[in-house]
Amino acid sequence: PKYVRYFKYDKTLPLIAITTPTTVAPNYIGGTAIDTISGTAADNVGGAGIDYVEFSLAYSDLSKRWNQGTLAWEISANDLWNRATYYAPTSTWTATQVAWLESQAYVFAVRAADLGGNISNQQSISFTYDRAAPVSTVDSPLSQAYLTRPSALSGTVIDQTSTGAPSGLDIDFRVAVQKSSDDFNTSSWWWTGSTWTLAASSVAMTVGSGLGSKNWSLSLASTFYDLLGATETFKVYSWGKDRVNNPATPDRSIDFAYV
C-alpha cells in the first residue's frame, strides 16, 4: 500500500508587540492603574499559527520576579515566564492580575511561540510605575489672625515617596486664594494674581522639578488688599503635579485673617 503524509514546514518566527500601556518620557507610567498589559502576536501568513504567548515581569534590579501562578513577587535567579491570555481571532494577548507596587521600577518582556516550535524575538519595556500625586503645604502665613497684612504666601511641595522612586515634580504649580465675603461658598471671590473675580481662579507658578522637597512663594500685590474691608479672612489652597501628570487635588488649605 502507498501512504501519503502531508505536513507544513514553518521556520519563520512569529511576531510579537506590546501596545499598552504607553510610557511617558523618559520611562514612566502613571495616572490610572495598570489593569492590563496587552499587545499583538501573529504568525506569518501560511504559518502554523500561534501556540502561546508568555511574559516575564521583574523589578528593574531583578531582585524580585512576578509569578502568575501564585500571584506573588518571588526571589528568583532566573526569569519566570508566565502564560498570557491569547485571543486567536484578533491576534491579541493580555496579561492581568499583577500586584503593582507604587513608585517601583519594572522591566516587562513578552514572547510568542507558534505551533511549529518557533519562538519570537523578545520584546520588552522598562518603566517606573508612579500613580501617587505630589503633596504640598502652605507654611506661611499660619492659620491665625494677623494685625498686619501678610505680603506673601509660601510653602513646600514634594512628589510622593515610597520604597521606590517617584517620577518627580513637574514645574507646574498652582495656588488659589478665596476670601470669605460669601462664607466661602461657590460664588465667593477668588484671587487671579492681579485682581478679585467671582469665577473660581488660581495663580500659575513654577517650582523646581524632580525629586525632593521644593519651596514655593507667591508675593501678594498691593491690589490684593484693595477694596477689602477692615477685616477679612482668606482660605489658601496649593497643588502641583508630577512628571506623569498625576494631578494633586488642593492638598492643604489654611485660613488666615487680618484684623
Side-chain angles (χ1 to χ4, degrees), residues 24-33 100-105 127-146 148-186 188-221 223-225 228 232-258:
V24 176
N27 62 337
Y28 295 107
I29 293 176
T32 59
W100 301 103
L101 299 180
E102 169 62 34
S103 296
Q104 177 63 51
F127 60 91
T128 297
Y129 182 57
D130 180 5
R131 291 190 63 218
V135 173
S136 67
T137 63
V138 181
D139 300 327
S140 178
L142 301 175
S143 294
Q144 65 184 44
Y146 290 83
T148 58
R149 298 175 173 182
S151 60
L153 311 173
S154 63
T156 61
V157 59
I158 188 172
D159 198 11
Q160 284 274 26
T161 57
S162 70
T163 55
S167 61
L169 293 169
D170 184 80
I171 63 172
D172 186 21
F173 187 77
R174 291 184 176 268
V175 176
V177 184
Q178 183 185 22
K179 67 187 184 72
S180 67
S181 301
D182 225 357
D183 295 326
F184 295 128
N185 66 24
T186 55
S188 59
W189 293 85
W190 297 81
W191 179 243
T192 67
S194 59
T195 190
W196 293 97
T197 178
L198 282 172
S201 182
S202 63
V203 181
M205 304 174 56
T206 58
V207 294
S209 63
L211 302 178
S213 180
K214 310 297 181 181
N215 297 319
W216 64 267
S217 180
L218 175 65
S219 297
L220 300 178
T223 50
F224 182 87
Y225 294 103
L228 300 182
E232 186 62 83
T233 300
F234 307 91
K235 187 180 290 288
V236 182
Y237 307 86
S238 64
W239 66 97
K241 67 178 182 179
D242 62 20
R243 287 172 169 169
V244 287
N245 203 27
N246 288 314
T249 53
D251 293 300
R252 177 185 172 97
S253 66
I254 61 107
D255 299 337
F256 77 93
Y258 72 85

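Heavy-atom basis, side chains included; hydrogens, waters and symmetry copies ignored. Sequence positions, counted from 1, serve as the residue numbers for this chain.
Considering every non-hydrogen atom in both L169 and V157, the closest pair reads CD1-O, 3.6 Å. Taking all atoms of both residues into account, the shortest heavy-atom contact from S201 to W191 is OG-O, 3.9 Å. Here the shortest heavy-atom pairing between P141 and A152 reads CD-O, 3.9 Å.
Each side-chain hydrogen bond (donor to acceptor under 3.5 Å, both in side chains) pair with one or both residues in residues 204-217, not counting sequence neighbours, would appear here, but there are none.
For the atom pair OG of S140 and CG of L153, the computed distance is 7.5 Å after rounding to the nearest 0.5 Å. Atom CH2 of W190 sits about 4.0 Å away from atom CD of Q178, to the nearest 0.5 Å.
Of the possible polar contacts, none joining the T137 side chain to the D139 backbone as a donor-acceptor pair under 3.5 Å is found.
Remark: T195 engages T192 in a side chain to side chain contact (heavy atoms under 4.5 Å, CB included) (not counting sequence neighbours). Listed by chain and number, the residues in a side chain to side chain contact (heavy atoms under 4.5 Å, CB included) with D172 are D170, R174, K241 (sequence neighbours excluded).
Contact of the W189 side chain with the L198 side chain is registered, since non-hydrogen atoms from C-beta on lie closer than 4.5 Å. Put simply, the side chain of D159 reaches to within 4.5 Å of the side chain of P134, judged on heavy atoms. Residues S136 and F173 have side chains in contact (heavy-atom distance under 4.5 Å, counting atoms from C-beta outward).
For Y225 and E232, the side-chain atoms include no donor-acceptor pair closer than 3.5 Å. Under 3.5 Å, the side chains of T128 and D130 contain no donor-acceptor pair of N or O atoms.
Proximity of the aromatic rings of W196 and F224 is defined here by a centroid distance below 6.0 angstrom, and this criterion is met.
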